[in-house]
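Just below is one structure, and these are the notes that go with it.
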Number of protein chains: 2
Amino acid sequence: MANGVTIAPAIEALADPTRRAIVEALRAGPSPVGALAGPLPVSRPAVSQHLRVLTDAGLVEVTPKGTRRYYRLAPGGVDELRRYLDDLWDDALAAFARAAEAEAQKRKD
Amino acid sequence: MANGVTIAPAIEALADPTRRAIVEALRAGPSPVGALAGPLPVSRPAVSQHLRVLTDAGLVEVTPKGTRRYYRLAPGGVDELRRYLDDLWDDALAAFARAAEAEAQKRKD
DNA sequence: ACTTACCGTAAGCCATGACTGACGATTCGA
DNA sequence: TCGAATCGTCAGTCATGGCTTACGGTAAGT
């Protein structure tokens with residue numbers, strides 16, 4: 001619950017379909033902005049703004065190379081979300097187990 | 001990538017702060033709507049609407065008990081997101097490793 | 001049967017944020 | 001030095017969605 005607020009920017013960043021498409025494109029490897037905007041149905045400035053959000057959320061990182069900037073996935077940022085969902089899943093399973101046990105207990109009488 | 005579209009409702013559901021608060025409250029166990037809305041700074045109908053979104057996303061489930069409806073976390077729905085982020089994390093690590101290797105290769109000449 | 005409690009739904013208001021077009025900065029090549 | 005390419009930022013527009021109030025429906029208790 002302490003990092004409950006930490007994952008907010010990351011999960012809110014991934015909520016947008018266009019940003020998810022960008023992330024999907026980056027799974028193959030680093031890419032400059034123009035190459036990312038090409039297949040997408042939005043303008044290049046829009047992609048730039050999305051990359052800003054993703055960067056602030058810690059999900060992607062940049063490496064300037066001459067006139068173009070290569071964006072890539074940031075494993076650390078993804079890992080944060082991953083851990084949060086792991087914990088949430090554990091609690092969900094525990095609550096489920098308790099509910100099942102309570103149900104069994106109730107059925108006994 | 002086949003389930004890339006599957007996780008959309010779940011991740012978009014968790015993007016809202018109020019819905020995350022509801023999910024956090026449900027970590028302790030099942031709860032009726034009124035008990036959930038109590039501590040929250042929004043009205044009960046608002047919580048009802050959020051629970052509808054969370055249910056449609058497969059993150060929570062309901063069990064009517066008399067006049068009240070008990071909501072609980074759905075481990076299956078959480079697991080979907082968990083798996084997606086696991087895969088994404090793998091790809092991020094792979095891309096990172098490739099980048100590191102390419103960098104080492106470049107440094108060699 | 002009547003009252004009370006708990007809850008989902010509908011309509012409307014309003015703020016957030018995604019997108020575009022225009023502009024300026026930086027870098028490489030000629 | 002000059003031109004072209006790549007990109008970030010800004011201002012403005014517009015749709016999405018979260019919230020409230022009011023209403024109706026169902027179940028338990030008296």
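Naming convention: chains lettered A, B, ... in sequence-line order (proteins, then strands); numbering from 1 in each chain. In this text the structure is predicted, and so the values were computed from the model without any measurement.
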Original post:
Where the side chain of Asp16(A) is defined as all heavy atoms beyond and including C-beta, which of dA18(C), dG8(C), dT20(C) is the nearest nucleotide?
Top reply: dA18(C)
Subject >> Candidate nucleotides dC7(D), dC7(C), dC19(C), ranked by approach to the side chain of Ser48(B) - the nearest >> reply: dC7(C)
Original post:
Can you check the Leu40(A) CG to dT20(C) C1' distance for me, whole Å?
Top reply: 15 Å
**OP:** Examine dC19(D): is either OP1 or OP2 under 4.0 Å from a nitrogen or oxygen in the side chain of Thr18(B)? Give yes or no.
**Re:** yes
**OP:** Please tell me which of the listed nucleotides, dC19(C), dT6(D), dG8(C), lies nearest to the side chain of His50(A)?
**Re:** dC19(C)
**OP:** Return the nearest nucleotide to the side chain of Arg19(B); candidates are dG18(D), dT9(C), dG8(C).
**Re:** dG18(D)
Subject >> Nucleotide nearest Arg52(A) when distance is taken to its side chain, options dC19(D), dT9(D), dC7(C) >> reply: dT9(D)
Original post:
Can you check the Tyr71(A) OH to dT6(D) P distance for me, whole Å?
Top reply: 15 Å
**OP:** Indicate whether OP1 or OP2 belonging to dC28(C) is found under 4.0 Å from a side-chain N or O atom of Thr67(A).
**Re:** no
Subject >> Separation of Leu51(B) CG from Leu26(B) CG (nearest 0.5 Å) >> reply: 7.0 Å
Original post:
What distance do Tyr84(A) atom OH and Ile7(A) atom CD1 have between them, rounded to the nearest 0.5 Å?
Top reply: 4.5 Å
Original post:
Do Gln49(A) side-chain and dT20(C) base share a donor-acceptor contact under 3.5 Å?
Top reply: yes
**OP:** Please round to the nearest 0.5 Å and tell me the distance separating atom OG of Ser31(B) and atom OH of Tyr70(B).
**Re:** 8.0 Å
Subject >> Nearest-Å distance for atom pair OH/P, residues Tyr70(B) and dC7(C) >> reply: 8 Å
Under 3.5 Å, which protein N or O atoms sit close to an N or O of nucleotides 13-16 of chain D? Give each pair with its distance.
none

Subject >> Asp79(A)/Arg83(A) salt bridge by N-O under 4.0 Å criterion >> reply: yes
Subject >> Nucleotide nearest Pro32(B) (side chain, heavy atoms from C-beta), chosen from dC19(C), dC7(D), dC7(C) >> reply: dC7(C)
Subject >> Pairs involving residues 66-78 of chain B, ordered by first then second residue, that meet salt bridge (charged side-chain N to carboxylate O under 4.0 Å, His left out) (sequence neighbours left out) >> reply: Glu61(B)-Arg72(B)
Original post:
For the pair made of CZ in Arg68(B) and C1' in dC6(C), what is the distance, rounded to whole Å?
Top reply: 8 Å
**OP:** Using the closest heavy atom to pick a nucleotide of DNA chain C for each, name whichever of Gly66(A) or Val53(A) lands nearer the 5' end.
**Re:** Val53(A)
Original post:
How would you label the contact of Pro45(B) with the nucleic acid (heavy atoms, under 4.0 Å): base, sugar-phosphate, or nothing?
Top reply: base
**OP:** Look at the side-chain N and O atoms of Arg69(B) and state whether any lies under 4.0 Å from the OP1 or OP2 oxygen of dC6(C).
**Re:** no
Original post:
How many angstroms lie between atom OG1 of Thr18(B) and atom CD of Gln49(B), to the nearest 0.5 angstrom?
Top reply: 11.0 Å
Original post:
Salt-bridged, Asp16(B) to Arg20(B), with N to O below 4.0 Å?
Top reply: no
Original post:
Going by an N to O cut-off under 4.0 Å, is there a salt bridge joining Arg19(B) and Glu12(B)?
Top reply: no
Subject >> Between P of dG18(D) and CG of Leu14(B), the distance in whole Å >> reply: 12 Å
Original post:
Which whole-number value in Å describes the distance from Ile22(B) CD1 to dC7(C) C1'?
Top reply: 14 Å
Original post:
Separation of Leu51(B) atom CG from dT9(C) atom C1', in whole Å?
Top reply: 14 Å
**OP:** Can you tell me the distance, in whole Å, between the CZ atom of Arg44(A) and the C1' atom of dG24(C)?
**Re:** 12 Å
